[in-house]
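Notes follow the structure.
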Amino acid sequence: MPELPEVETILRGLEPYLNNGVIKEITTHRADMRIPFPPEFKGWKNIRIEKIRRRAKYIILELANGYAILIHLGMSGKLLLRNSCNAPAKHDHIDFILENNKRITLNDPRRFGLVTICNSSNINDHKLLSHLGPEPLTDSFNTKYLFNIIYKRKKPIKTLIMDNSVVVGVGNIYACESLFRSRIHPQTQVNKLSKEKVDLLVKNLKDVLSEAIQAGGSTLKDYAKLDGKSGYFQHNFAVYNQKKCKTCSNNIEKLTQSGRTTFFCPSCQII
DNA sequence: AGACGTACCTGACCGC
DNA sequence: TGCGGTCAGGTACGTC
């Protein structure tokens, strides 16, 4: 569901409530989401949050008790600020009860999301994080890095930029959008791409993600910011869910790659 | 290795 | 109104 810009937007919304805040307790309304909730939650009372940050699409809460909480929102997950007196709504699975009568609730109809814990000292060694590639908005994701990977690979470029071990945070929407801006056909085999095209793609990936963060993310149906309101970047889509290309007015076409729908303009994006 | 398909789950929407 | 089919911001895992 949320891609990097949506998770980043949620993180920024959470910061005022969670940074240096206290989790009074954690209550669950079922035993699991994608994986079981940690049994440790039952004994945790009044734990200070020392730091809140994002890695890929994970939100990480580093706690004063030596643990970190990892939160992933899957396809349909939302974090919402609620008053702690409210009864759980449908698909509310876990509540982080805060001071001042507030709680942060994870609501996720499809339950592809997860909440788990690990030791704060070696978060990056956790099984869910250890294989992840660089953050797209840092300098370590650059033309040289990407070109070094792609010249010896054969998969289609769209599938490659959605591979978490290559670069994190790029989901279906922003993969489609950045390829359109770069005028690269999504089925192009990566080892056929020139260095110039790779350079352009790296730049456009960074631009699209940054612009989407500025717009508060994209709302299709499930995604909402912490306050329940929508993001705005969906109004700036060039190809995703679009009918006509705004550049050449040809019809936008769809195809399926690795089980996901790809949107592209067949005249602007050439192999 | 790396490239693929599959599974996990609910809800919205469309055509009959 | 209801039913079946299809689709949806993700990703770990099994198989070839």
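We name chains A, B, ... by the order of the sequence lines, and we start the count at 1 in each one.
For A/R111, counting side-chain heavy atoms from C-beta on, the closest listed nucleotide (B/dT10, C/dA12, B/dC4) is B/dT10. Closest to the A/P156 side chain, of the nucleotides B/dG11, B/dC4, C/dG10, is B/dC4.
Residue contacts shown for A/F237 are absent, as no nucleic acid heavy atom lies under 4.0 Å away. A/D108 comes within contact range of no nucleotide atom at all, as no heavy-atom separation falls under 4.0 Å. Among the protein residues, A/T261 comes within range of the sugar-phosphate backbone only, with heavy atoms under 4.0 Å from sugar or phosphate atoms but none that close to a base. Contacts of A/K152 with the nucleic acid, taken as non-hydrogen atoms under 4.0 Å apart, are absent.
A/F147 and A/L205 fall within the same hydrophobic cluster, where Ile, Leu, Val, Met, Phe, Trp and Tyr residues are linked whenever their side-chain heavy atoms come under 4.5 Å apart, directly or through other members.
Looking only at atom types and distance, the side chain of A/S218 has no donor-acceptor partner in the side chain of A/Y240 under 3.5 Å away. Side chain to side chain, A/H29 and A/D95 meet the donor-acceptor criterion of an N or O pair below 3.5 Å. Using a 3.5 Å distance cut-off with no hydrogens or angles, the side chains of A/N107 and A/D92 do pair a donor with an acceptor.
Rounded to an integer number of Å, the gap from A/I59 CD1 to C/dG10 P is 15 Å. Taking atom CG on A/L114 and atom P on B/dA7, their separation rounds to 21 Å, with Å as the unit. To the nearest angstrom, P of B/dC8 lies 19 Å from NE2 of A/H72. Summarising the geometry, the separation between NE2 on A/H126 and P on C/dT11 is reported as 15 Å, rounded to the nearest angstrom. If you take CZ of A/R34 and C1' of C/dC13, they are 11 Å apart, rounded to a whole angstrom. One interatomic measurement links the two molecules: CD1 of A/I150 to C1' of B/dA1, which rounds to 17 Å at whole-angstrom precision. Atom pair A/L160:CG and B/dC4:C1' shows a separation of 14 Å (rounding to whole Å applied). Atom NE2 in A/H93 sits roughly 17 Å away from atom P in B/dC8 (whole-Å rounding).
For B/dC9, its base sits under 3.5 Å from the side chain of A/R110 at one donor and acceptor pair at least. Scanning atom types as modelled, no donor and acceptor separated by under 3.5 angstrom connect the side chain of A/R260 and the base of C/dA8.
The separation of C/dT6 from B/dT6, taken at their P atoms, amounts to 14 Å, rounded to a whole angstrom. Taking atom P in both C/dC3 and B/dC9, one finds a spacing of 23 Å when rounded to whole Å. If you take atom P in B/dG11 and the same atom in C/dT11, they sit 22 Å apart, rounded to whole Å.
Residue A/K154 is the one, among A/K154 and A/G259, whose nearest nucleotide of DNA chain B lies closer to the 5' end (criterion: closest heavy atom). Residue whose closest nucleotide on DNA chain B sits further toward the 5' end, between A/H91 and A/R153: A/R153. Both A/K127 and A/T219 sit near DNA chain C, but only A/T219 has its closest nucleotide nearer the 5' end.
The aromatic rings of A/Y67 and A/W44 sit tilted, their planes meeting at an angle between 30° and 60°. Using cut-offs of 30° and 60° on the angle between ring planes, the pair A/F37 and A/F41 is tilted.
Considering only side-chain N and O atoms, A/H131 lies nowhere under 4.0 angstrom from the phosphate OP1 or OP2 of C/dT11.
B/dC14 is paired with C/dG4 under the Watson-Crick or G-U wobble criterion, all donor-acceptor distances under 3.5 Å.
By the stacking rule of 5.5 Å between ring centres and under 30° between planes, A/F112 stacks on the base of B/dC8.
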